[in-house]
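One structure below.
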2 protein chains.
Amino acid sequence: MLSRHVYAMILEAFLYIDDGDHRVLRQFGLTPTQFSALKQLDVADGRRLTDLTELLLVDKSTVTRLIDRLEQAQLVRRVPDPDDRRAQRVVLTPVGLECREQARAAHELSIVQRMSDLSASEQQQLVVLLEKLCAPLRVKSTPS
Amino acid sequence: MLSRHVYAMILEAFLYIDDGDHRVLRQFGLTPTQFSALKQLDVADGRRLTDLTELLLVDKSTVTRLIDRLEQAQLVRRVPDPDDRRAQRVVLTPVGLECREQARAAHELSIVQRMSDLSASEQQQLVVLLEKLCAPLRVKSTPS
DNA sequence: CTTATATAGTTGCACATACAACTAACGACC
DNA sequence: GGTCGTTAGTTGTATGTGCAACTATATAAG
């Protein structure tokens, strides 16, 4: 059955991508999730944990513990939100910024390499097809 | 950058698929991993834990604990391997077989539904492109 | 203002996952 | 037939993940 084959290939492609991400980021002592979180932060205002929940599409309890570990590793800091005493803002430390930038460069490069078996037009086709597949997901977030 | 876009869409497609799998299998009290394991088992000879490690592409310690839980749930049984005293064979219980068959039917149906936004020819294109992307993975396992 | 509801975040519990260290048994080599 | 490297499986430790219950604060309703 064809649709089973598509299903299987999406899972395989994810494994391929995910495995590559682990390898690259491991050199910087980061997991893919930690790297995703660092990408959403800055050294100034930072973000609330709830913001990260929405950006990373994970449960708030996951974010709590993720930030716990990044804080232990001195890559981020929790600072009280000035406008809401319930909330905390998470900001990058200088070490965290440096770590993220190095990881980002290596990760970008690895993506280009891993995609290099597809031509630009094939990559374009793939994007179009996957967007069509995921269209049901986007119904709610596409207002007009 | 185009390759970043492909990367992002593969992750999004995986999230879409994985979320759907969770929802469907949850009705049968199974996680996607547990379901994958049940699909590899039978009621007769079964499989060794090591076989499952290779089939599921996870660490052997993951398989140990996965089978622990399936055994607690009475869906599988460990039986000693007659030919190798180090090994154990994992077989489905009648309950496990019944559970798997029901889950399988629902899962198959849901895959067809989730793919239904793509035409057959689009699905075919997607398979071709993803196979090309994953070609580096298959180098080792493609003898001729 | 008080009450009721909603939101921000943490914690307990369960499952998935990898890596490393370990035990037990297999196999090969002499 | 002992010794030694290999393999099967388990266990400890760390991370990621979701759900549910909980605390504290904010906000709306009256």
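First the proteins, then the strands, lettered A, B, ... as listed; each starts at 1. Since the structure is predicted, the reported quantities are computational estimates derived from the model, not experimental observations.
The side chain of R85(B) places an N or O atom within less than 4.0 Å of a non-bridging phosphate oxygen (OP1 or OP2) of dC26(C). Of the side-chain N and O atoms in R89(B), none sit less than 4.0 angstrom from OP1 or OP2 of dG9(D). A close approach under 4.0 Å does occur between a side-chain nitrogen or oxygen of Q34(A) and OP1 or OP2 of dG16(D). Under 4.0 angstrom from either OP1 or OP2 of dG9(D) there lies at least one side-chain N or O belonging to T50(B).
Counting non-hydrogen atoms under 4.0 angstrom, R48(A) reaches the backbone sugars and phosphates but no base. Residue contacts for D84(B): at a heavy-atom cut-off of 4.0 Å it reaches the sugar-phosphate backbone alone, with no base atom in range.
Between R89(B) and D81(B), at least one side-chain N (NZ, or NE/NH1/NH2) sits under 4.0 Å from a carboxylate O, which counts as a salt bridge.
If you find the closest nucleotide of DNA chain D to K60(A) and to T31(A), the one lying nearer the 5' end belongs to T31(A). Along DNA chain D, the nucleotide closest to A87(B) and the one closest to L66(A) are compared, and the more 5′ of them pairs with A87(B). Checking P32(B) against R26(A), the closest nucleotide of DNA chain C that is more toward the 5' end is the one next to P32(B).
Nearest to the side-chain atoms of V58(B) among the listed nucleotides dT17(D), dA25(C), dA18(C) stands dA18(C). Comparing atom distances between the S61(B) side chain and each of dG12(D), dG9(C), dC26(C) picks out dG12(D) as nearest.
Taking atom CG of D83(B) as the reference point, atom C1' of dT7(D) lies 15 Å away to the nearest angstrom. Rounded to whole Å, atom C1' of dC15(C) lies 13 Å from atom CG of L30(B).
Not a single donor-acceptor contact under 3.5 angstrom links the side-chain atoms of R47(B) to the base of dG9(D). In this model, a side-chain donor or acceptor of R65(B) finds a partner on the base of dG12(D) within 3.5 Å. At a cut-off of 3.5 angstrom, counting only N and O atoms as typed in the model, there is no donor on one side facing an acceptor on the other between the side-chain of R69(A) and the base of dT15(D).
Side-chain atoms of V91(B) and V43(B), non-hydrogen and from C-beta on, never get closer than 4.5 Å to each other. Side-chain contact between L38(B) and L97(B) is absent, with no heavy atoms from C-beta onward closer than 4.5 Å.
In summary, the aromatic rings of H107(A) and Y7(B) are positioned with their centroids under 6.0 Å apart.
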